[in-house]
S.K.: 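Can you read through this structure? Questions will come right after.
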Amino acid sequence: HSVGIIGAPFSKGQPRDGVEKGPDLIRAAGLVEKLKAQGCAVRDYGNVTFEEVANDEPIGNVKRPRAVGSANQRLSAAVHTVKNDGHTCVMLGGDHSLAIGSIQGHAAAKKDLSVVWVDAHADINTPLTSPTGNIHGQPMSYLIHELQSKIPVLPNFSWIKPCVSAKDIVYIGLRDVDPEEHHILKLLGIKVYSMTEVDRLGIAKVMEETCDYIFSKVKKPIHLSYDIDALDPSISPATGTPVVGGLTYREGIYITEHISQTGLLSAVDMVEVNPKRGRTDDEISSTVNAAVDLIRGCFGKLREGNHPADYKMP
Ligand SMILES: N[C@@H](CC/C=C/[B-](O)(O)O)C(=O)O
Ligand SMILES: [Mn+2]
Ligand SMILES: [Mn+2]
Ligand SMILES: [Mn+2]
């Protein structure tokens with residue numbers, strides 16, 4: 001595996017400070033060293049620098065539109081570069097509004113993508129349906145072809161080109177979906193494995209069906225957008241919008257092991273790690289270590305163990 005890492009220390013898609021510390025915390029937990037130790041070639045492209053935007057007044061109820069638009073335009077360019085350099089891209093957030101730039105930059109390099117969105121939330125509110133105006137609850141709406149008639153013009157958003165079809169999206173882990181989002185998911189016929197389906201089918205069947213579904217027609221590169229709040233707060237409490245009844249650590253890892261074995265993972269987001277939302281150091285390290293382990297699972301780490309192909313027994 002050839003991995004390109006981008007840090008996106010950005011928090012303005014939501015109101016809670018601290019999530020901008022995610023990238024460097026995940027690095028400090030040894031992500032690069034651990035990926036190298038499991039045989040990956042790793043290049044760390046560093047952190048994207050974001051411009052300060054003054055007087056970023058809400059538009060309607062959409063909060064910080066100019067900062068979010070600008071940040072994602074820069075992130076999009078960075079992801080595009082990583083993909084053009086031939087790596088699988090790992091985007092470390094930062095809040096989930098960053099999926100706008102990550103998926104846009106990925107699509108600029110790879111055209112037709114499938115998106116696997118692992119999250120307690122659907123993040124598919126439009127600017128007009130959002131109950132909070134926080135853009136981390138809206139990223140998918142800007143990206144999906146079928147929703148574009150519902151997206152108003154926003155400053156610093158004109159660069160975004162819709163790049164994902166509803167039929168190429170699968171959600172896993174949903175358990176806190178707004179009524180307006182639920183209507184959109186049903187209207188567009190988007191495939192959803194909520195925690196009900198995880199309980200009913202088991203994660204193995206969920207992943208089998210997910211892969212059958214996204215590969216049913218043509219095999220597209222996978223963009224895995226992983227919100228750490230998909231995991232149960234008992235594992236990942238240090239996050240902005242925790243929701244009880246989440247994925248176990250084992251289910252979370254199973255998802256990444258399975259996606260890795262398809263050989264089609266082309267980009268992964270790991271977002272919403274927020275140290276300021278952990279009440280103890282243990283809560284923070286549990287959250288950060290889970291993020292690291294999930295990423296390691298994306299690049300071939302198996303719980304049964306691994307050994308190098310060229311290993312020679314002494
Ligand atoms: N649906 C809520 C919650 C958003 C949650 C965003 B997250 O999944 O990126 O954490 C909203 O629109 O504000
Ligand atoms: Mn999210
Ligand atoms: Mn979430
Ligand atoms: Mn995400």
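Just so it is clear, the values below take in all heavy atoms, side chains as well, and ignore hydrogens, waters and symmetry mates. Counting starts at 1 for both ligands and their atoms, following the listed order.
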S.K.: Below 4.0 angstrom from a heavy atom of T241, which ligand 1 atoms are there? Numbered from 1 as shown, please.
M.R.: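 Counting atoms of ligand 1 from 1, those under 4.0 Å from T241 are 10 (O).
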
S.K.: Could you check which of P139, G137, A122 puts a non-hydrogen atom nearest to atom 4 (C) of ligand 1?
M.R.: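 Result: the heavy atom closest to atom 4 (C) of ligand 1 is in G137.
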
S.K.: When you compare the side chains of H106 and S266, does any donor N or O come within less than 3.5 Å of an acceptor on the partner?
M.R.: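 Short answer, yes.
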
S.K.: Is a donor from one side chain sitting under 3.5 angstrom from an acceptor on the other, for N125 and T129?
M.R.: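 Yes, a side-chain donor-acceptor pair sits under 3.5 Å.
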
S.K.: Using heavy-atom distances only, which candidate in K63, H96, Q138, H121 approaches atom 9 (O) of ligand 1 most closely?
M.R.: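 It is H96 whose heavy atom sits nearest to atom 9 (O) of ligand 1.
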
S.K.: With the Mn ion (ligand 3) as the centre, enumerate protein N/O/S atoms below 2.8 Å in chain and residue order.
M.R.: D119 OD1, H121 ND1, D227 OD2, D229 OD1, D229 OD2

S.K.: Counting each atom of ligand 1 from 1 as listed, which ones have a heavy atom of D229 under 4.0 Å away?
M.R.: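 Those of ligand 1 that fall under 4.0 Å from D229 are 8 (O), 10 (O).
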
S.K.: Test your reading of the structure: does N125 have an N or O sitting under 3.5 Å from an N or O of ligand 1?
M.R.: yes

S.K.: Hey, does S225 have a side-chain heavy atom less than 4.5 Å from the side chain of H96?
M.R.: yes

S.K.: Any idea which atoms of ligand 1 are less than 4.0 Å away from a heavy-atom of E181?
M.R.: 1 (N)

S.K.: Got a salt bridge between R303 and E257, using NZ or NE/NH1/NH2 to carboxylate O under 4.0 Å?
M.R.: yes

S.K.: Is the NZ or CZ atom of R43 positioned over Y45's six-membered ring, under 6.0 angstrom from the centre and within 45° of the axis?
M.R.: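 Yes, R43 sits over the ring of Y45.
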
S.K.: Under a 3.5 Å distance rule, please check whether T132 uses its side chain to pair with a backbone N or O of N134 as donor and acceptor.
M.R.: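 Here the side-chain-to-backbone pair exists.
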
S.K.: Heavy atoms only: give me the nearest D123-E181 pair and the separation to one decimal.
M.R.: N-OE2, 3.1 Å

S.K.: Can you tell whether the side chains of K36 and E33 come within less than 4.0 Å, N to carboxylate O?
M.R.: no

S.K.: If I apply the N/O under 3.5 Å rule, does D123 come out as touching ligand 1?
M.R.: yes

S.K.: Would you say the side chains of Q73 and S70 form a donor-acceptor pair under 3.5 Å?
M.R.: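 Side-chain D/A pair, Q73 to S70: absent.
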
S.K.: Hey, which atoms in ligand 1 end up nearer than 4.0 Å to a heavy atom of D119?
M.R.: 8 (O)

S.K.: Measuring from atom 1 (N) of ligand 1, which candidate in D227, D176, V19, D178 has the nearest non-hydrogen atom?
M.R.: D178

S.K.: Do the side-chain N and O atoms of S234 and D232 include a donor-acceptor pair separated by under 3.5 angstrom?
M.R.: yes

S.K.: Less than 3.5 Å apart, any donor N or O on the side chain of T239 or E272 sitting next to an acceptor on the other?
M.R.: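 Result is no, nothing qualifies.
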
S.K.: Heavy-atom contacts under 4.0 Å between T239 and ligand 1: side chain, backbone, both, or neither?
M.R.: neither

